[in-house]
Amino acid sequence: MKTIILARTAGFCFGVTRAVDTVYREAEQETGPVYTYGPIIHNEEVVRDLETRGVHVLPDRAALEALKEGTVIIRSHGVGRDIYELCKNNGLKVVDATCPFVKKIHRIVEAENAKGNCVVIVGDPHHPEVEGIRGWGREDTAVIESAEDLVRQVPDRAESLSIVSQTTYKLSKFNKIVADCINLGYHIFCFNTICNATQERQSEAQEIASDVDAMIVIGGRSSSNTRKLAEICSHECKKTFFIQTAADLIPGCLARCDRIGITAGASTPKHIIEEVQTIVGSEF
Ligand code: F3S
């Protein structure tokens with residue numbers, strides 16, 4: 001008799017589940033055209049499925065500017081204030097699926113600027129979430145990945161700085177950057193806005209993998225967070241299988257494995273996880 005241990009944190013985090021559910025609900029209820037500003041998640045299958053239900057992806061700002069009617073859904077990463085204004089000016093209906101944890105950062109940025117503080121975001125300047133956060137701040141909002149970046153962008157060390165973080169940033173890296181900035185003499189108010197969904201998913205996967213005969217990690221080959229999960233699991237469990245869907249499971253690969261763990265990357269839909277769970281549970 002096989003025992004299957006499915007990770008509680010497998011698949012979408014809270015914010016992504018909420019955003020994807022919102023799009024499916026709108027697709028069903030809305031009679032007019034529905035769009036997402038950027039793909040709702042990095043999963044082609046989900047995006048294709050939504051296309052068949054009449055939900056189209058607006059790839060960039062130019063596409064949004066050209067749009068004069070319909071509903072625009074803002075994804076979990078959030079967007080800057082200007083995008084809401086653009087939608088309003090174009091007469092578009094906005095359905096906001098920004099993750100509440102990201103929304104909270106937008107509010108911090110506004111409040112800190114209102115106090116007269118300069119805002120500094122620790123994160124990848126090209127990541128849509130960071131671009132969105134920046135879009136709630138003043139012109140002088142800095143985006144840094146090191147103390148040297150801060151020196152270049154905010155040379156005046158007498159400035160009062162309020163530091164926030166991209167939600168998926170690594171805590172140890174964030175702490176080091178903040179400490180380095182303080183050592184350089186900057187006056188800093190620090191807001192740790194890191195979301196621990198990724199960290200929790202990794203810790204749980206590691207814990208399960210250390211206690212099973214075989215571990216299955218489900219997710220796209222190009223998904224960096226899934227690859228990281230597979231790497232963590234293979235350190236703990238030699239029989240770790242990295243698959244994209246149930247079809248990738250080779251018959252017999254779980255022979256003589258009594259305890260089997262399953263986890264999945266952040267953009268793996270629930271039905272794929274369930275399908276794998278069912279197949280593994282049968283006499284596979
Ligand atoms: Fe997910 Fe929201 Fe955290 S989108 S990773 S729950 S910030």
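Being a predicted model, the structure only gives us computed values, none of them experimental. Atoms within each ligand, like the ligands themselves, are counted from 1 in listed order.
Using a 3.5 Å distance cut-off with no hydrogens or angles, the side chains of Glu51 and His56 do pair a donor with an acceptor. For the residue pair Glu204 and Thr9, a side-chain donor N or O sits within less than 3.5 Å of a side-chain acceptor on the partner. If you check the side chains of Glu129 and Thr167, you find a donor sitting under 3.5 Å from an acceptor.
Under a cut-off of 6.0 angstrom, the local environment of NZ in Lys239 is crowded, with over 12 non-hydrogen atoms contributed by other residues, nucleotides or ligands. No more than 12 heavy-atom neighbours from other residues, nucleotides or ligands sit within 6.0 angstrom of CD on Glu207.
Within a radius of less than 2.8 Å around atom 2 (Fe) of ligand 1, the protein N, O or S atoms are Cys99 SG.
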Tyr169/Glu145 under side-chain hydrogen bond (donor to acceptor under 3.5 Å, both in side chains): CA gap, chis, key distance, verdict: CA-CA 10 Å; Tyr169 219 72; Glu145 291 215 82; 2.9 Å; yes
